[in-house]
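Numbered from 1 within each chain, the chains take letters A, B, ... in sequence-line order.
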2 protein chains.
Amino acid sequence: MIRLSRKSDYGLVALKALRGLEPGDALSARELAAQLGLPGDMTPKVLARLAQAGLVESSMGKAGGYRLARAAGDISVAEVVRVLDGEPGLAPCREGILECNRIETCDIKHPLDNLHQEVMRVLQGMSIAQL
Amino acid sequence: MIRLSRKSDYGLVALKALRGLEPGDALSARELAAQLGLPGDMTPKVLARLAQAGLVESSMGKAGGYRLARAAGDISVAEVVRVLDGEPGLAPCREGILECNRIETCDIKHPLDNLHQEVMRVLQGMSIAQL
DNA sequence: CCAACTGCGACCGTTCTAGTCCGAGTTTAG
DNA sequence: CTAAACTCGGACTAGAACGGTCGCAGTTGG
Ligand code: SF4
Ligand code: SF4
């Protein structure tokens, strides 16, 4: 349960690889995948999503690729996870999708939310720079 | 991803219900399920596993049931989660089961382990008593 | 003996995840 | 202008994890 998805994991690896890069330069997803040993067709997806969220910048075209949109120290693990896995909350009854007949009288949800905030604070405390 | 399984959730609810109980008294799983609105056949399983791990005591036989084995303040959320979900670690490559071709040269595993420890410390900080 | 429990494992349907594939749009090089 | 090397987005499939149910054996108290 308390485990990163593969996507988040790969995202972190990719971001780390991206962080030592001349400004203006870019790395293609394919290149990254080969260099990091990630599944070839997974990397573009992850990167695209990160680009969508504004964590990395992308340039299209022949010599295109990705580069960090911000300083490595400004991108927290929490943010990456939120983008790639979503942030549903610690309790199973997330976003009202997962139903629970206890949801009306539940006395456990609030404490769990508090815990969740603390956990996120921990994840927020670590940035790509110090991976 | 950063989400409790249903099992852990139910476990916490059950433990909370169990905590205000006369010493020597016991609550049957069925009774708990009815009282808490949990799926009927799920509760015995969760309780049994908690008993196995020594978090609750069980008494068999006709007037049997479960009661806390320790003070509510001595049972942490982390422990419950570990018993019911296992504690694989934050990184996907858990227990050597999930393979990853990067595992030899991975420079991200250690930082993730550190993060994981911090997260567990947070979960350790909350007990059943203060759910 | 009988009734009410725990304990344990097998079982199945559903959901989530990992990974692959393909078509469309974009930019640069020649 | 054309072709190559990219990104982008969605659709799709196989597999694993999860939630929940069932049934039976063992135990205890009346
Ligand atoms: S028991 Fe409470 S916390 Fe758990 S899923 Fe139901 S409402 Fe949410
Ligand atoms: S990339 Fe590193 S942390 Fe992630 S699964 Fe592979 S070895 Fe583990």
Side-chain angles (χ1 to χ4, degrees), chain A residues 1-11 13-14 18 25-34 37-54 56-67 69 81 84-86 88 92-95 97-102, chain B residues 1-11 13-14 18 25-34 37-54 56-67 69 81 84-86 88 92-95 97-102:
Chain A
M1 75 104 208
I2 198 87
R3 174 179 138 240
L4 263 59
S5 82
R6 216 85 162 182
K7 264 184 268 186
S8 296
D9 191 33
Y10 292 164
V13 178
L18 235 42
D25 214 1
L27 262 174
S28 80
R30 191 168 310 175
E31 214 167 339
L32 265 174
L38 306 180
D41 285 313
M42 201 68 185
T43 319
K45 213 164 219 168
V46 170
L47 270 298
R49 197 149 175 190
L50 288 175
Q52 208 173 2
V56 301
E57 290 177 346
S58 67
S59 42
M60 291 194 191
K62 188 174 182 187
Y66 296 94
R67 61 186 157 279
V81 169
L84 292 175
D85 281 349
C93 47
R94 59 168 173 184
E95 296 165 25
I97 298 182
L98 249 60
E99 61 210 46
C100 179
N101 35 8
R102 284 178 45 75
Chain B
M1 76 106 204
I2 200 86
R3 173 179 139 238
L4 262 59
S5 81
R6 215 87 164 179
K7 266 183 267 186
S8 296
D9 192 33
Y10 293 163
V13 178
L18 235 43
D25 213 2
L27 261 175
S28 80
R30 190 169 312 176
E31 215 167 339
L32 264 175
L38 307 180
D41 287 312
M42 200 69 184
T43 320
K45 211 162 222 168
V46 170
L47 270 298
R49 198 149 173 189
L50 288 175
Q52 209 173 4
V56 301
E57 289 176 346
S58 67
S59 43
M60 290 194 192
K62 189 175 181 185
Y66 296 94
R67 62 187 156 278
V81 169
L84 293 175
D85 280 350
C93 47
R94 60 168 172 184
E95 298 163 25
I97 298 181
L98 249 60
E99 61 210 46
C100 179
N101 36 7
R102 284 178 45 74

Would you name the heavy atoms of Y66(B) and P44(B) that are closest together and state the gap between them?
OH-O, 4.1 Å
Closest heavy-atom pair and its distance - G54(A), A69(A):
O-CB, 3.5 Å
For [X], salt bridge (Lys or Arg N to Asp or Glu O under 4.0 Å) partners two or more places apart:
X	result
E57(B)	R67(B)
R3(B)	none
R102(B)	D107(B)

Bend angle of the helix from dC1(C)-dG30(D) to dG30(C)-dC1(D), end axes from five pairs each (to 10°):
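Axis-to-axis angle, ends of the helix: 10°.
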Take atom [atom1] of [X] and atom [atom2] of [N], then tell me their distance rounded to the nearest Å.
X	N	atom1	atom2	result
I2(A)	dA17(D)	CD1	P	17 Å
R49(B)	dT6(C)	CZ	C1'	17 Å
R3(B)	dC18(D)	CZ	P	9 Å
Q52(B)	dG7(C)	CD	P	9 Å
L84(B)	dC18(D)	CG	P	12 Å
L4(A)	dA18(C)	CG	P	10 Å
E31(B)	dC5(C)	CD	C1'	11 Å
R30(A)	dA5(D)	CZ	P	9 Å

Any chance you could measure [X], atom [atom1], to [Y], atom [atom2], to the nearest 0.5 Å?
X	Y	atom1	atom2	value
T43(A)	L27(A)	OG1	CG	11.5 Å
D41(B)	R30(B)	CG	CZ	9.0 Å
S5(B)	I2(A)	OG	CD1	11.0 Å
L50(A)	L84(A)	CG	CG	4.5 Å

Between protein and nucleic acid, restricted to nucleotides 20-22 of chain D and to nitrogen or oxygen atoms under 3.5 Å apart, what atom pairs and distances do you find?
unit_1	atom_1	unit_2	atom_2	d
dG20(D)	OP2	Y10(B)	OH	3.3
dT21(D)	O4	K45(B)	NZ	3.0

Close side-chain approach of L18(A) and V56(A), heavy atoms under 4.5 Å:
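A side-chain contact under 4.5 Å exists here.
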Given side chains that start at C-beta, do those of R6(B) and M42(B) come closer than 4.5 Å, heavy atoms only?
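The answer is no; the side chains never approach within 4.5 Å.
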Write down the protein N/O and nucleotide N/O pairs, taken from nucleotides 26-28 of chain D, whose separation is under 3.5 Å; answer none if there are no such pairs.
unit_1	atom_1	unit_2	atom_2	d
dT28(D)	O2	K62(B)	N	3.2

Tell me whether the side-chain N/O atoms of S58(A) come closer than 4.0 Å to OP1 or OP2 in dC8(D).
yes
